[in-house]
**Q** 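Mind looking over this structure? Questions follow.
Sequence lines set the chain letters: A, B, ... in the order given, protein chains first and strands last, and positions in each chain run from 1. Side-chain atoms are counted along with the backbone in the values below, which use heavy atoms only and exclude waters and symmetry mates.
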Amino acid sequence: MQKPIMAVTGDETAATGDMPTYQIRAPTTALPQGVVMAASPGSLHSPQQLAEEATRKRELRLMKNREAAKECRRRKKEYVKCLESRVAVLEVQNKKLIEELETLKDICSPKPD
DNA sequence: GCGCTTCAACGTCATGTTGG
DNA sequence: CCAACATGACGTTGAAGCGC
């Protein structure tokens with residue numbers, strides 16, 4: 001099953017100049033709770049041990065990716081909220097400018113005599 | 001109460017990006 | 001170059017709302 005190639009736009013900030021904070025990479029050091037480091041590869045021999053090691057690695061990868069996905073969604077929600085509040089501010093600003101323009105038009109328009 | 005639709009949150013996979 | 005990370009895509013699941 002092939003997936004379509006994703007287009008990488010990178011234009012997230014083009015329109016607004018906002019920082020796409022949800023894309024910022026957080027420094028990660030600590031392992032999630034309950035994660036035990038695997039034995040060093042040098043100490044593995046039997047196919048059984050190799051299989052167990054592969055399983056551990058896979059579970060560790062899945063666990064890390066699960067956490068990464070949660071964090072990614074959290075940042076994205078925050079980013080969308082931020083954009084929405086900016087939209088609200090700009091709409092108010094736009095409305096005020098339109099009103100001001102109408103007022104100025106009234107003042108400047110030639111009066112019929 | 002029941003089947004349905006919708007929505008949000010989630011887990012996983014595939015793949016792009018980046019630092020060492 | 002590669003391991004680790006970030007994120008888009010997709011399927012699943014449970015809760016909430018709605019008409020019957």
**Q** Any idea which heavy atoms bring A/Cys82 and A/Ser85 closest together, and the distance?
**A**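 Shortest heavy-atom separation between A/Cys82 and A/Ser85 comes out as O-OG, 3.0 Å.
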
**Q** For A/Lys81, check salt bridge (charged side-chain N to carboxylate O under 4.0 Å, His left out) against everything at least two apart and list the hits.
**A**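 Partners of A/Lys81 by the salt bridge (charged side-chain N to carboxylate O under 4.0 Å, His left out) criterion come out as none, since no residue qualifies.
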
**Q** Categorize A/Arg73 for me: base, sugar-phosphate, or nothing, with a 4.0 angstrom heavy-atom threshold over every strand shown.
**A** base

**Q** Quick one: A/Leu62 CG to B/dA14 P, roughly how many Å, whole number?
**A**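 Checked: the CG to P distance equals 11 Å.
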
**Q** Taking only side-chain N and O atoms of A/Lys64, does any of them lie within less than 4.0 angstrom of OP1 or OP2 on C/dC5?
**A** yes

**Q** I need the CZ-P distance between A/Arg58 and B/dG11, as an integer number of Å.
**A** 14 Å

**Q** Report the distance from atom CD of A/Glu67 to atom P of B/dT12, rounded to the nearest whole Å.
**A** 11 Å

**Q** Rounded to the nearest Å, what distance is computed from the CG atom of residue A/Asn65 to the C1' atom of nucleotide B/dA9?
**A** 15 Å

**Q** What integer distance in Å separates A/Lys77:NZ from C/dT7:C1'?
**A** 17 Å

**Q** Any ion pair linking A/Glu59 and A/Arg56 (charged N to carboxylate O, less than 4.0 Å)?
**A** no

**Q** Over how many whole Å does the gap from A/Leu60 atom CG to C/dC5 atom P extend?
**A**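 After rounding, the gap between these two atoms is 9 Å.
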
**Q** Starting from P on B/dC10, measure out to CE on A/Met63 and report it in whole angstrom.
**A**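 My rounded result for the distance is 16 Å.
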
**Q** If only side-chain N and O atoms of A/Lys76 are considered, is one of them under 4.0 Å from the OP1 or OP2 phosphate oxygen of C/dA6?
**A** no

**Q** Should A/Arg61 be listed as having a side-chain N or O under 4.0 Å from OP1 or OP2 of B/dT12?
**A**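 Negative; the distance criterion is not met.
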
**Q** Only counting residues at least two apart or in another chain, list the ones meeting salt bridge (charged side-chain N to carboxylate O under 4.0 Å, His left out) with A/Glu84.
**A** none

**Q** Can you check the A/Glu59 CD to B/dC13 P distance for me, whole Å?
**A**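 In whole Å, B/dC13 P lies 12 Å from A/Glu59 CD.
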
